[in-house]
Amino acid sequence: MSIYNKNLEALSINNQFLYEYLHSGKSTDVDHVKVEFAKNGDIIINSHNVYLNSRYNPSAEAEKYMQDMEKLPDEAILVMFGLANGAFAKAFLQMNKKNTHCLVVEPDIEIFVQVMKNIDITDLLTDNRFQLIVYGINDRNLEQVMSGLLKSYNKNTNQHIAAPKYGQLYPDKLNAMITVLNEQYDRQKIEYNTLIQNGIKGCKNSFYNARFFENCRSSDDLIGRIPVDMPAIVVSAGPSLAKNVHLLEKAKGKAFIICTDTAINAVLATGIKPDMVIGVDYEKPLELFMAQGLSDIPFLADTDFNTEVLEYVQPKNLFFSTSDERTWQKLFLKVGSSFTSIDAGGSVATAAISSLVKWGIKKIILIGQDLALTGNKEHVGDVEEVTEFDERHYKFIEGIDGDILPVRFDFLIYLRWIEELAFNNKDIEIIDATEGGIKKRNTSIMSLEAAIDKFCGNIYDIDGILESVPRLFTGESSRLIVDELQQMKNNLKRFIDDFSKVVEYCKEGSDMLTRGCYDIKRLKEINAFMGEVDDFFVNSDEALFVNKFMGQAEEQMADDFYIEEENEIDEAVRMYNKSASYYKMLADAIPELVSILEETEKYLTDKKE
């Protein structure tokens, strides 16, 4: 097998977009990129008559150049501008045996192609610690990749560098990469505060929403009930929805129409009743759910969806969707159902798509999924236009109609999710009938009318399918909800006691080590108790609730977790103090969760009387 085919095979494992580009056989102009041999026989890269590796011993040069990157702490990320012949990335990964990662951003397609054709880099391409972005191929994924790698817990240990000569040859793209890098950290600061608030709200919602389990349905029970040939239409609230929302009437009964919460008012205003509405957001505004007749429409909601909405709408046919809490998953198993999580993708529309995929639907038609500010508006029905586009929050990308449209960075994440889902699931066809907005790779583009004519020819008893899904926690089995809440409450109260003791013991251990007068036996007892508490907590079903509720504590614990003091005593003191702060925050916060559980338990008990 040739070097190129070996590299191509390795590339197919971890980087589908780069593989797809090369496998398509697109021609490249390589006049400015040459491969030559160094004195030691290694192949090196010459771009624009500038050597990107040593002409004598490129491997030795790479090891020396990367010395400052040796032994980075666990979870650290190196972002490197420039692949060259691959020696620099190889040197870094060889120096760092721990769970460190290397993201290489290559600005020149021709360099990438020549490396793939002439240099064996299969060890890089198959290393899960290595990721590669090439401008002109998959650079649209740069923000998403960085978002997945750069976290608050490694922000103080990450590094970024440019390979030799790359800054000289490609200064604009280097600056563009650094801009994306800085934007990522800026967004993290904003998202940190948002996640803290959402975590608190979501956890509370999840506890309160246990009130709606009685007589509910699980979306998992739709698996196997939907005909394999039935298409689905996901209705989103992009500005273009106004163009074709009226056409949904033609698809009624011929496709499963699932409407996002933000779009429901626009759909019901036309007199069309979708087959299902979906809501996933912790704090979705209540005013979006004022439409008359909404309670009669099957409602798909996450367990941590805004409780106020469910209380107001009182859906008669409530399906609970994904849940990542083991407690609820086990509870639903007790009544013969299941409650598995999905890759929700970050938005209500992507959650709808993911649910349809889970149910087995193979043709998914998207409308109103602009993912851009079509006409400088974010949603259908918006009166005011957005006129200022901060480069830290927007990017301009070509739309379906050839226009250059402003795209919010969170919309870019949803776009990549849809593109990757379509690419990785060849048996699923995604038809983009948005009739506006941004281009989506790996989807078929057509008008909604054409999509309905082509795919929506059969009649289905969709109401009957939904009604065939069994209702849960009815009769005597509804008692299981209260029993579960009581068990959760008991475990949370134990956490309060255990965490309070850990705080005392950590302070004791820190004081002993700081004074330099310590009892080894006592320190072992302290550490053993902390280990027991940690094991019980981590393996408990309630841990996820607590961690979600106390995201701030988790962030503070992880903030400098991988930065160690050189002196073992100083490091032990640091960890004792850090642990004391962490467990005190948890012990102080958990009583509020206990109070919510007691309130929910009382509500359900009073309802029975």
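Keep in mind that what you see is a predicted model, and the values were worked out from it rather than measured. Because only heavy atoms are used, hydrogens play no part in the values below, and waters and symmetry mates are left out as well, while side chains stay in.
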Between atom [atom1] of [X] and atom [atom2] of [Y], what is the distance when rounded to the nearest 0.5 Å?
| X | Y | atom1 | atom2 | result |
| --- | --- | --- | --- | --- |
| Thr307 | Arg211 | OG1 | CZ | 6.5 Å |
| Lys521 | Ile526 | NZ | CD1 | 13.0 Å |
| Ile413 | Leu371 | CD1 | CG | 11.5 Å |
| Asp221 | Phe332 | CG | CZ | 9.5 Å |
| Ile430 | Ile365 | CD1 | CD1 | 11.5 Å |
| Ile278 | Ile258 | CD1 | CD1 | 4.5 Å |

Practice task
For Thr474 and Asn215, test the side chains for any donor-to-acceptor distance below 3.5 angstrom and give the result as yes or no.
Solution key: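 No, no side-chain donor-acceptor pair sits under 3.5 Å.
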
Exercise for the section: Ignoring hydrogens and angles, state whether a donor on the side chain of Trp328 or Ser206 is under 3.5 Å from an acceptor on the partner side chain. Expected result: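 Yes.
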
Exercise for the section: Evaluate the criterion ring pair (Phe, Tyr, Trp, His ring centres under 6.0 Å) for residue pair Phe305 and Phe212; output intermediate values, then yes/no. Expected result: CA-CA 11 Å; Phe305 179 64; Phe212 300 101; over 10 Å; no

For [X] and [Y], work out which heavy atoms get closest and say how close.
| X | Y | value |
| --- | --- | --- |
| Tyr576 | Cys506 | O-CB, 3.4 Å |
| Leu241 | Ala266 | CD2-CB, 4.2 Å |
| Ala580 | Val503 | O-CG2, 3.6 Å |
| Leu480 | Val335 | CD1-CG1, 3.7 Å |
| Ala349 | Gln369 | CB-OE1, 3.3 Å |
| Lys362 | Val228 | CG-O, 4.2 Å |

Practice task
Take Phe319 and Met276 through the test side chain to side chain contact (heavy atoms under 4.5 Å, CB included) and record every step on the way to the result.
Solution key: CA-CA 10 Å; Phe319 285 76; Met276 183 174 280; 4.0 Å; yes

Quick one: does [X]'s side chain get under 4.5 Å of [Y]'s, heavy atoms only?
| X | Y | answer |
| --- | --- | --- |
| Leu294 | Asp296 | no |
| Val546 | Ile590 | yes |
| Leu248 | Ile367 | yes |
| Lys363 | Met230 | no |

Exercise for the section: Quick one: sort the Phe495 and Phe499 rings into parallel, tilted or perpendicular, breaks at 30° and 60°. Expected result: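 If you compare the ring of Phe495 with that of Phe499, the planes turn out parallel.
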
Problem - Geometric class of the Phe213/Phe473 ring pair [parallel <30°, tilted 30-60°, perpendicular >60°] - result: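 It falls in the parallel class, under 30°.
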
Check whether any side-chain N or O of [X] sits under 3.5 Å from a backbone N or O of [Y] as a donor-acceptor pair, and report yes or no.
| X | Y | value |
| --- | --- | --- |
| Lys489 | Leu593 | no |
| Thr327 | Asp541 | yes |
| Ser338 | Thr340 | no |
| Asp275 | Ile257 | yes |
| Thr600 | Ile596 | yes |
| Asn491 | Ser540 | no |
| Thr434 | Gly437 | no |
| Asn158 | Ala76 | no |
| Ser468 | Ile465 | yes |
| Asp281 | Glu283 | no |

Practice task
Validate the cation-pi geometry between Arg494 and Phe536: distance from NZ or CZ to the six-membered ring centre under 6.0 Å, angle to the ring axis within 45°.
Solution key: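 Judged by the rule (NZ or CZ under 6.0 Å from the ring centre, within 45° of its axis), Arg494 counts as positioned above Phe536.
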
With a 4.0 Å cut-off, would you call [X] and [Y] a salt bridge?
| X | Y | result |
| --- | --- | --- |
| Glu592 | Lys204 | yes |
| Lys377 | Asp370 | no |
| Arg326 | Glu542 | no |
| Lys507 | Glu504 | no |

Exercise for the section: Show the numbers, then the answer: is there a side chain to side chain contact (heavy atoms under 4.5 Å, CB included) between Glu484 and Lys334? Expected result: CA-CA 11 Å; Glu484 191 65 46; Lys334 290 179 181 179; 3.3 Å; yes

Practice task
Starting from the C-alpha separation in whole Å, work towards a yes-or-no answer on side chain to side chain contact (heavy atoms under 4.5 Å, CB included) for Asp304 and Val280.
Solution key: CA-CA 7 Å; Asp304 51 14; Val280 299; over 6 Å; no

Practice task
Determine, step by step, whether Tyr582 and Asn577 satisfy the side chain to side chain donor-acceptor pair (under 3.5 Å) criterion, reporting the C-alpha distance in whole Å, the side-chain angles of both residues, the deciding distance to 0.1 Å, and the verdict.
Solution key: CA-CA 9 Å; Tyr582 170 70; Asn577 291 338; over 6 Å; no

Handout entry: Glu308, Glu599, Glu311 screened by side-chain hydrogen bond (donor to acceptor under 3.5 Å, both in side chains) with Tyr208, the one that passes
Key =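 Running side-chain hydrogen bond (donor to acceptor under 3.5 Å, both in side chains) over Glu308, Glu599, Glu311 with Tyr208 returns exactly one hit, Glu599.
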
Problem - Intermediate values then yes/no, ring pair (Phe, Tyr, Trp, His ring centres under 6.0 Å), Phe529 and Tyr505 - result: CA-CA 9 Å; Phe529 179 75; Tyr505 291 169; 5.2 Å; yes

Exercise for the section: Verify salt bridge (Lys or Arg N to Asp or Glu O under 4.0 Å) between Arg217 and Glu467, making sure each step is shown before the conclusion. Expected result: CA-CA 10 Å; Arg217 290 178 161 106; Glu467 279 301 319; 3.2 Å; yes

Does [atom1] in [X] sit with more than 12 non-hydrogen atoms of other residues, nucleotides or ligands closer than 6.0 Å?
| X | atom1 | answer |
| --- | --- | --- |
| Lys501 | NZ | no |
| Lys284 | NZ | yes |
| Lys252 | NZ | yes |

Practice task
Step by step, work out the side chain to side chain contact (heavy atoms under 4.5 Å, CB included) result for Phe339 and Leu331.
Solution key: CA-CA 9 Å; Phe339 208 39; Leu331 180 61; over 6 Å; no

